[in-house]
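To start, the structure under review is shown below, and the notes come after it.
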Amino acid sequence: MTLKINHVSGAKEAESVRSLVQEEVEGQRAELIDLSLKIHRNPELGFQEVRASRWLTGYLRKKGFRIEMGVSGLATAFRATYGSGKPQIALMAEYDALPEIGHGCGHNLIAASAVGAATAAKLAVERYGGTITVLGTPAEEIYGGKAIMAEQGIFADLDMAMMVHPGNRNAVIIKALACVSLEVEFWGRAAHAAAQPEEGINALDAVLQSFNAVNALRQHIKSSARVHGIVTDGGEAANIVPAHSAASFLVRAEDEAYLDVLKERVLNCFRAASLATGARLEHRWGKTYYAPMRSNRTLARLFGRNMELLGHKIDWSQRETGFGSTDMGNVSQLVPSIHPFIAVAPPGVVTHSAEFASYAASQSGWAGLVLAAKALSLTVCDLLASPRLRQRVWREFRTGSAEGRQSLGQTRQ
Ligand SMILES: [Zn+2]
Ligand SMILES: [Zn+2]
């Protein structure tokens, strides 16, 4: 009987913490929007996010978080913590922009939602104990800041890691491909292109042959894999046989094993072009490896249920189109993680476009920001309140299979 009464009052209390957390996000609405707009108006490329990291840590410090700047040896990375001990739940803030189109990936909204969720979740930390952390993870777009931070071990002590990315649909279980970059150069010999072409070795032809070979290869690789690139040097003048050419490629696959297979087959395209043209090939695989995303389904369903309770529909399917790669994949290999998308733009508007950048500073962007902050902080409440739920998340992470579908109430497709 006593147990029952405790259970009922516990549930009542959990509900009151959940509603206080939502009110707290609501109370910060104007400040969070302002923070997102400041970052949007001052786009900074990867590892140059000096102002964004200063604004974000300034806000968190004001709300009582302990701040460490320059963690993992990265000047614009930070860790902001509130509370102490286990469990340690981290929310990821991204804040880098893209060249030319600024916040065309909406990372200004990611940053503001993580900060809003964490500062609201303080209430849950005070009630249940544990630690809430915001990790400021720079240079997602080009250098894979989280991949570097993962190597430095900053995620080792975490129990869960979450973030929300703005997009054009609401989806909680997402896929992201393993990805590695490839830089190639061909070295030929210059000659007058009309007077003594027989003396020349055409490095541009080597690049063109490589593209043709990759295009032919593409039909015979797994449909989820991606190989794409650009020419970065194609010669100097039409009357000179190009002595040098260069190209930049990305190779992506659903898992690391297939990525290894694909890397060799892609490299063979360049080797073949070198042999055919006589231009010497030099290649360098990128230092940064983006691991595939391993969405924790238990966590994802919990987050999705909170989205639904907040009155939003979820796309529960795992659509296999329209995904790229993210350095959150590297985090997800180490600790149970989610990287859901929240719609801030209509389905036809894609990320990495100027149009999406304008949605990242619009009414719908702000609605997405507040929704993300609420759903994240409610999910933190649930996790801090329930050791059994945390165990379930970890059991899935260790065994690779989700359980408890029914009890979380999410089975639809
Ligand atoms: Zn992006
Ligand atoms: Zn992004």
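Atoms within a ligand are numbered from 1 in the order they appear, just like the ligands themselves.
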**Prompt:** Pick from Lys222, Arg294, Lys175, Arg226: which one makes a salt bridge (Lys or Arg N to Asp or Glu O under 4.0 Å) with Glu254?
**Reply:**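 Single salt bridge (Lys or Arg N to Asp or Glu O under 4.0 Å) partner of Glu254 among Lys222, Arg294, Lys175, Arg226: Lys175.
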**Item:** Under 3.5 Å donor-acceptor, Trp394 side chain and Asp159 backbone
**Value:**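 Pair found, side chain donor or acceptor close to backbone of Asp159.
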**Prompt:** When you check the gap from the basic side-chain N to the acidic O, do Glu256 and Lys263 get nearer than 4.0 Å?
**Reply:**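 Answer for the salt bridge query: no.
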**Asked** Between Arg18 and Asp382, is the closest basic N to carboxylate O distance under 4.0 Å?
**Response**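 Judged by the 4.0 Å cut-off on N to carboxylate O distance, Asp382 and Arg18 do form a salt bridge.
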**Message:** Can you tell me how far apart NE2 (His339) and CG (Asp327) are? Round to the nearest 0.5 Å.
**Reply:**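 The distance works out to 8.0 Å.
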**Message:** I'd like to check the side chain to side chain contact (heavy atoms under 4.5 Å, CB included) partners of Asn215; sequence neighbours left out, ordered by chain and number.
**Reply:**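 Checked Asn215 against side chain to side chain contact (heavy atoms under 4.5 Å, CB included); matches are Asn212, Arg218.
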**Message:** Short of 2.8 Å from the Zn ion (ligand 1), name each protein N/O/S atom, waters not counted.
**Reply:**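 The answer, once waters are left aside, is Cys105 SG, Glu141 OE1, Glu141 OE2, His352 NE2.
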